[in-house]
Amino acid sequence: MSESDTVPCITLAQGAGGAAMRQLVETLFAEAFDNPYLAKMEDQARLDLSALQAVGDRLAFATDSYVIQPLEFPGGDIGRLAVNGTVNDLAVGGARPLFLSCAFIIEEGLPLPLLQRIVRSMADAAREAGVKIVTGDTKVVPRGQADGLFINTSGVGVIPKGCELAATRCRPGDAVLVSGTLGDHGAAILNARGELGLESQWSSDCQPLHGLVEQMLARCSQVRALRDATRGGVAAVLHEFAQASACSMRLFEAALPVRPEVRGVCELLGLDALHFANEGKLVAVVAAEQAQALLAAMQAHPAGHEACIIGEVLAGPAGQVQILTGMGSERLLDLPTGELLPRIC
Amino acid sequence: MSSDAGWRIEISGRVQGVGFRPHVWRTAVALGVSGRVSNTGNGVQIDLFCSESKQHEFCQRLLLSLPPLACVDKITTLALKRGRVAKAGGFLIEPSPVQSSDNRISVPADLAPCDSCRAELFDPDSRRYRYPFISCTQCGPRLSILHALPYDRARTAMSMFPLCRNCAGEYENPADRRFHAETNACVACGPELWLEDARGQVAAAQDPFEDMARVIAAGGIVAIKGAGGFHLCCDARRANAVARLRTGKQRPHKPLAVMFEDIEQARACAHITTQQAETMSAAEAPVVLCRARPDSPLARNVAADVAWLGCMLPSTPVHLLLMVAVQRPLVMTSGNVSGAPTLIDNDAARALLLPWVDLLVLHDRPIVHRLDDAVVYQDDGAVELIRPGRGMVPVILPLPPGFRTDLPWLAVGGDLKNTFSFVQGGQLVLGTHQGDMQALAAYRAAASSGRDWMGLLRLRPVGVSRDCHPDYHSTRLADGLAGESMHSVQHHHAHMAACLFEHGHPLHAEPVLALCLDGLGYGQTGTLWGGECLYGSYSHVRRLGGLRPMPMPGADAAARQPWRMLVACLYQAQIEIESLKALWPWMGTARTQALQRMIETGIQSPLCSSAGRLFDAVAAALGCYAEGISHEGQAAMALEALAWEALEMQSDDVHHTGGRYAMQLTMTEGGWQLDASPLWPLLIEDLRAGCDRREVALRFHRSLVAGLLQLVQTIGTEQPFEKVVLTGGVMQNRLLRTWLRQALAAAGFEALCHHRVPCNDAGLSVGQAAVALARHQDKQHA
Ligand SMILES: [Fe+3]
Ligand SMILES: [Mg+2]
Ligand SMILES: [Zn+2]
Ligand SMILES: [Zn+2]
């Protein structure tokens, strides 16, 4: 935090509700997120129902909090993450994301220029994702009571009529796809902390997925379920799918897309890329007969150009996830209870 | 003579499938008493109609000359009510009543051909000349073909082979040695053997064993359906054949067992003591780990870098005929692919083996229970079970004094070398080993085998024990098997209790100290253990000390790649690793630097007080599989082998007590801590001075023994105990075990070692059951 010695920093006064805070909100947030809803400066955003109804027949509503170190990393920052994360939570339900709220919890002493970069990055991400940040909140907490900056975003989207994505709908025989390489975000964050001292650089995959989802759903009617593979990685998503649908999931080890650099980090750490977090990848389950069509649809979109078919749904024991290894044997994929613990005696 | 007196005699122990009822019959007939005998779910039940004195005489004679394989645990006699005494003369072997057994269990084990059957097999005048399924009351398949208890032909896979007239005659003739031989069969009525290759069934030749021998002599690989599963075999002297077998089986290094025609043939390849020869020749026919001879004619890739060669003799008539035909030692390893359970089914073998083996030897007798070969050590006069398998399972142990006998229980073991234990009617039954639970096939097999066993024993457990590790697959398996109350038992406490249990240590006897030297287990407080001193007994232990915890950079990866443990140990010993490039060229590279940073920052580097990992680090330092191992314990076994070589080169003997590499003992918050760090500068000094690495390996063993002895003695000044349990997978190291035992004895302690229950994770289920039962009982008393 050498930046904090020489530049203006956030003070407790800027979260106290007085003039200092008003100034911060007006000059930073309102200006960056500029849109008619926010410009009204009421205590709530007022959204026109008929405009929403024109898009679909159900409202999707999601929330997520973002806590990450470092705040800025190759391929993104906490602000971009906070926008795309909630956009993706809406998108994988088939919703078109429309509006976001955002709440900042700022640690006293956060350099103002850093905050400005993050807020502008959020604004850019919102613009790219076609969503508006329509309401927000700011708190400043004393030094030591937060780790720089926490952001919460909630989002509202609309689900088109007839779109029924659900993990419970996976059926034996369905194909499992992933929209791109595994674990880029998790490995990038570890690397960005500099603790491993690895030379090579690659970026987080932080990106919005709603455009990809729209294209997938437009081309394929038999998509059963989608999920963005964030914390816990693809492994956690597949365990959720297997549990919800009372099926087994089987992955083909040889088909799993992993960047060589990420594979290197995994090998060093003794971890599996399937357990690493992603911030712009989704897992899709689709009826077998539409697997190729879905794959083509995904690969045709920039957010899914590295999409692969990675597995299939089996009628096996509910909740089980297995991997068919390159050697032809099958092993069980762990879903760690907490942190991944060694097992070899 | 009061003809209306009657007695019911119930006998438990190894009394089924060993010719016990015919023995009862002969004894009764010789004495001229009438009555009947039958198998029950618990053993054998005899009704005798005679005077009390006659009954005494009967029992005396019965026990005096038991059939060779029989073993009586318990005999109870009750007077029969008047109305139940039959007046009619004669003595009958009656069909076994099927009844619920909530009492003692009698499960017969598979037995290698007896001498009489061997003689008949090679007698051209015998009607079973060269018949590969010859058996009698003293030998043959048992558990492997058993559908249900009590053991009777109707409840085995033999029920699909109706006896021909000749065989039925033998079965019914009291004078015949096949009187009531449930597996009786001959070429006219019994199972059949045939050969298949990739093109289908091989045309029946004069003698299929000549065909097998020809394929093997040409360097081919043959898969044989044995008693409890398929075997893969090839010429053990041909490195090419062994390499092909290894490739097909996807098992690059793990030592392979070798079958010999007889002891004499085996002696050319290994040093075999008289006792080891006896164990190999016994009806159980286990794989016995013997010291390999340096001048052995076997291919090096059969068992490289290990001190021990797994030696066995033919365990079925099929193997016997084959060994006579090939006239050479054969690699004889379980017929499975890449860690999956051994194949038992013809179709599965066709699908998975025919693509790469040259010949498949099949038969039409189904295998009901999968049984791998048992593996044992035999030294100092005692057999130590390493892998529970054919002939040795089930291991049946009585509950030690103080344990309630009315609490049926299930224990599901650990994740590697998994076994189940079943408690019923005052006995514990340890089942067969089921492999690594992360392999889906093994997990599935374990689940179904667990259900089979519970069905066989009619077990309805009141509780289920499992390991504390939250992510063990076996822990999840327990959830699926029984919805009863779950009890988690700490890994090393289970190792310790398993040893106490087999020694019959009473429930409420004095506390003992356990030295648990292991790879890794989930500890009491969420830390990882593997080198602990636990003090207590079944229901409760306290950790009084142990090895200093070391980082495991990469967690499980550190267990697979010994170089990581070497870097971790050197880091902990504060040795600058850049300076060690001359010894280990891979030191100081980007990856060791990255590993050091992982250790420094604690990323994916959990602390673990594991003896196994310390062995790995020293092994890596001596160039044993530093890059990576392909099977558990590989590096540590190579280290032990080096030490044995050094020992055999030396003139002075085992009686060194101290070691050059002193370890440091300090009192910490967590008790007495034995720190291995001080050994590293000395070990490096030795290596730099050009000391032979075998000598270094030996010095490490000696130093560790000295350090551990000091640890035990120091704890002994603060706590009262006489017995020291030696347990955990690392105790498979014979050098360590023997020296520890000697050192402890010299210091006035009594060392308790494993014999009937494995010291490795295959024994965990026994200890899990013991601990949970003890606690269950304590809770009910409170
Ligand atoms: Fe263990
Ligand atoms: Mg989320
Ligand atoms: Zn026999
Ligand atoms: Zn016959």
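All values below were derived from every heavy atom in this structure, side-chain atoms included, with hydrogens, water molecules and symmetry-related copies excluded. Below, chains carry the letters A, B, ... as their sequence lines are ordered, and counting in each starts from 1.
Looking at heavy atoms from C-beta onward, A:E279 lies out of side-chain contact with A:N84 at the 4.5 angstrom threshold. Inter-residue side-chain proximity for A:V67 and A:D147 is flagged as unmet; no heavy-atom pair is nearer than 4.5 Å. Contact check for A:S245 versus A:T168: no side-chain heavy atoms found under the 4.5 Å cut-off.
Under the 3.5 Å distance criterion, with hydrogens and angles disregarded, a donor-acceptor pair is assigned to the side chains of A:S121 and A:D77. Under the 3.5 Å distance criterion, with hydrogens and angles disregarded, no donor-acceptor pair is assigned to the side chains of B:N336 and B:T342. Side chains of B:H491 and B:D467: a donor on one and an acceptor on the other come within 3.5 Å. Side-chain contact of B:H492 with B:D518: a donor-acceptor pair under 3.5 Å is present, judged by distance alone. Side-chain contact, A:S248 with A:Q322: no donor N or O sits under 3.5 Å from an acceptor N or O.
Contacts between B:A594 and chain A at a heavy-atom distance below 4.5 Å involve backbone atoms as well as side-chain atoms. For chain A, no part of B:A590 is nearby; none of its heavy atoms comes within less than 4.5 Å. The parts of B:P470 that come within reach of chain A are both its backbone and its side chain, each placing non-hydrogen atoms under 4.5 angstrom from that chain. Proximity to chain B (any heavy atom under 4.5 Å) is restricted, for A:E267, to the backbone atoms N, CA, C and O. When heavy atoms are compared at a cutoff of 4.5 Å, A:E330 approaches chain B by way of both its backbone and its side chain.
Between chain A and the residues B:G729, B:A558, B:A557, B:A555, the most heavy-atom pairs under 4.5 angstrom are made by B:A555. Top candidate by heavy-atom pairs under 4.5 Å with chain B, chosen from A:I323, A:L335, A:L332, A:L271, is A:L332. With chain A as partner, the option from B:M598, B:E600, B:R613, B:Q596 having the largest number of non-hydrogen pairs under 4.5 angstrom is B:M598.
The neighbour count for A:R193 CZ, taken as heavy atoms of other residues, nucleotides or ligands under 6.0 Å away, is above 12.
Within residues 172-180 of chain A, no residue has any heavy atom less than 4.5 Å from a heavy atom of chain B.
Each of B:R560, B:K417, B:K254 was compared with B:E632 under the salt bridge (charged side-chain N to carboxylate O under 4.0 Å, His left out) criterion, and only B:K417 meets it.
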